[in-house]
Amino acid sequence: MSDALTPASKIVILDFGSQYTQVIARRVRECRVYSEILPHTIAAADLRKLGAKGIILSGGPASVYAKGAPKVDKKIFDLGLPVLGICYGMQLIAQNLGGKVERSTHREYGAGTLKAGRLCPLFHKLPAKLEVWNSHGDRITALPGGFTPMGTTENSPHAVIGDPVRHIYGMQFHPEVVHTPRGKEIVANFVHRICGCGSDWTMGSFIQRACADIRAQVREDRVILGLSGGVDSSVAAALLHKAIGDQLTCIFVDNGLIRNGEREAVEKLFAGHFHIKLRVVNASKRFLSKLKGVTDPERKRKIIGNEFIKVFEQAARELKSSVKGAHGYKFLAQGTLYPDVIESVAIGGNPAALIKSHHNVGGLPERMKFQLVEPLRQLFKDEVREVGAELGLPRELVGRQPFPGPGLAVRVLGELTPEKLRIVRDADTIVIEEMKAADWYYKVWQSFAVLLPVRSVGVMGDERTYDFTIALRIVESQDGMTANWVRVPYDLLARISSRIINEVKGVNRIVYDVSSKPPATIEWE
Ligand code: XMP
């Protein structure tokens with residue numbers, strides 16, 4: 001990362017494999033302080049060079065005394081930087097600085113009440129009793145020199161410990177999770193009051209720095225971007241256009257598997273409103289003929305992925321050869337986000353990285369000798385939405401629900417036909433319209449229609465029908481890795497159901513999917 005993109009205040013989070021490490025990073029950023037996640041193996045000398053104003057040690061599933069438990073370079077405690085250890089991070093502090101950690105007779109898990117120390121700067125302006133969320137097995141039985149207890153729970157006299165001289169603090173509960181309702185204020189006290197960070201991580205300032213950085217990287221050359229109509233590539237397009245104007249060309253591939261009006265909306269917004277150079281490739285016939293007769297979900301996905309790369313590559317090649325001499329298309333831009341670039345540790349993993357956009361066109365940059373521009377690689381998804389809004393993208397776009405790369409192909413179970421695509425597309429339009437009208441669309445993670453490959457008997461007027469079933473899927477989720485079906489009002493279900501049956505020819509039955517993930521997945525294929 002270049003210096004131009006680095007704001008003045010930065011907090012480094014060392015990852016010990018907690019499922020909440022990314023949440024800590026997001027909480028810090030919500031305090032308008034830039035944060036970066038690094039592997040716990042980083043050497044203190046390297047950490048010093050990063051110019052951070054404070055360090056947070058994450059939680060983790062291990063016990064500090066277990067064989068192979070992740071360690072920290074002890075010298076980080078001598079850097080003179082404030083340190084906050086959370087759960088496992090706190091036990092590491094105690095272990096490394098001369099305290100004693102022992103296995104608890106019982107695991108403390110779930111909600112608890114913390115009696116917060118009055119003088120502890122972490123609890124500045126917070127009440128004396130706080131609801132907190134615990135999840136730990138070990139406990140501290142002897143404090144390191146210089147440390148005093150700064151908070152207690154029913155089960156633990158050392159729920160919070162601190163050395164106010166060296167500015168090193170530890171807490172065994174998780175301030176980052178929503179079950180610790182005032183946790184964000186604890187994080188804010190750490191980064192602002194203890195580390196002295198300002199509030200300079202704003203999306204306005206990010207846009208300025210990112211534009212400067214893009215211009216420095218691209219100079220007079222040109223950039224190609226695969227625009228999908230989704231949030232990430234759209235925000236990347238708007239940002240690049242602000243930075244380099246006409247040096248950017250977007251390619252939109254219509255694979256025939258997109259929603260009603262999607263292509264027109266992209267053309268209207270990007271070409272019409274933003275005056276961004278846009279090439280639309282109509283490849284729907286090509287995709288549909290390749291998918292003819294294919295019923296296996298994995299094969300469908302593979303065919304779509306491969307075909308996309310071929311079509312995109314061809315369009316990119318044409319663009320490349322359209323400019324002769326200097327200042328050609330040297331760069332390929334991608335909407336890569338921060339969760340995709342965090343170096344995850346083996347004990348934890350990085351769930352968000354598992355959901356990859358199909359527009360991260362594998363292999364293409366090397367094959368076509370493109371250099372990559374990834375202007376969003378520092379951002380979390382909610383920050384991308386904020387940047388999009390600042391750049392003037394409409395709410396329908398920045399608040400859009402995720403849409404899978406293979407599009408409606410995974411929402412028509414079994415073989416795809418133009419007729420089935422028409423049915424799922426029209427049903428999808430009604431679901432979106434009704435969800436928005438009832439003010440539910442932006443509250444849920446996803447809401448969509450799936451066309452099942454079965455027909456059932458119905459009756460319409462005096463006539464017997466033998467038509468398809470639409471399954472309605474509405475889920476809430478934080479990151480797509482787990483999900484719950486949403487208890488939307490019956491009236492809303494009723495409206496969606498009667499509109500689809502009345503307006504979409506070929507459907508006579510609607511069912512509501514009441515399964516959660518796991519064990520079900522969100523999409524049906
Ligand atoms: P599942 O069905 O695995 O979906 O529970 C989890 C989330 O990922 C989305 N999804 C995809 N996104 N390309 C994408 O960009 C894909 O191939 C893809 N498949 C699933 C899905 O919509 C849900 O939000």
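Order of appearance sets the numbers: ligands from 1, and atoms from 1 within every ligand. Sequence positions, counted from 1, serve as the residue numbers for this chain.
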Practice problem: Could you tell me whether the side chains of Asn260 and Asp426 share a donor-acceptor contact shorter than 3.5 Å? | Solution: yes
Practice problem: Would you indicate which of Ser477, Pro518, Pro404 comes nearest to atom 11 (C) of ligand 1 when only heavy atoms are counted? | Solution: Pro404
Exercise. Over all heavy atoms of both residues, which pair between Gln446 and Ile522 is shortest? Give the atoms and the distance, please.
Key: OE1-CG2, 3.2 Å
Quiz item: Any nitrogen or oxygen of Gly405, main chain or side chain, under 3.5 Å from a nitrogen or oxygen of ligand 1?
Solution: yes
Quiz item: Under 3.5 Å, N or O to N or O, is Ile522 touching ligand 1 that way?
Solution: yes
What pairs of donor and acceptor atoms, side-chain ones from residues 267-282 against any protein atom, are under 3.5 angstrom apart with sequence neighbours left out?
{"residue": "Lys277", "atom": "NZ", "partner": "Asp246", "partner atom": "O", "Å": "3.0"}
{"residue": "Asn282", "atom": "OD1", "partner": "Ser284", "partner atom": "N", "Å": "3.3"}
{"residue": "Asn282", "atom": "OD1", "partner": "Ser284", "partner atom": "OG", "Å": "2.8"}

Quiz item: Of all the atoms in ligand 1, which lie at a distance below 4.0 Å from a heavy atom belonging to Lys517?
Solution: 1 (P), 3 (O), 5 (O), 6 (C)
Quiz prompt | Structural part of Met481 in contact with ligand 1, heavy atom criterion under 4.0 angstrom | solution = neither
Practice problem: Give the minimum heavy-atom separation between Trp485 and Arg487, together with the two atoms involved. | Solution: O-NH1, 2.9 Å
Exercise. Taking atom types as modelled, find out whether Tyr34 and Gln378 have a side-chain donor-acceptor pair closer than 3.5 angstrom.
Key: yes
Practice problem: Have a look at Gln401, Arg473, Arg301 and point out the one with the heavy atom closest to atom 20 (C) of ligand 1. | Solution: Arg301
Quiz item: For Arg422, which residues count as a side chain to side chain donor-acceptor pair (under 3.5 Å) partner, sequence neighbours excluded?
Solution: Glu419
Practice problem: Using a strict cut-off of 4.0 Å, indicate which atoms of ligand 1 neighbour a heavy atom of Gly480. | Solution: 6 (C)
Quiz item: Is the closest heavy atom of Trp445 to ligand 1 under 4.0 Å?
Solution: yes
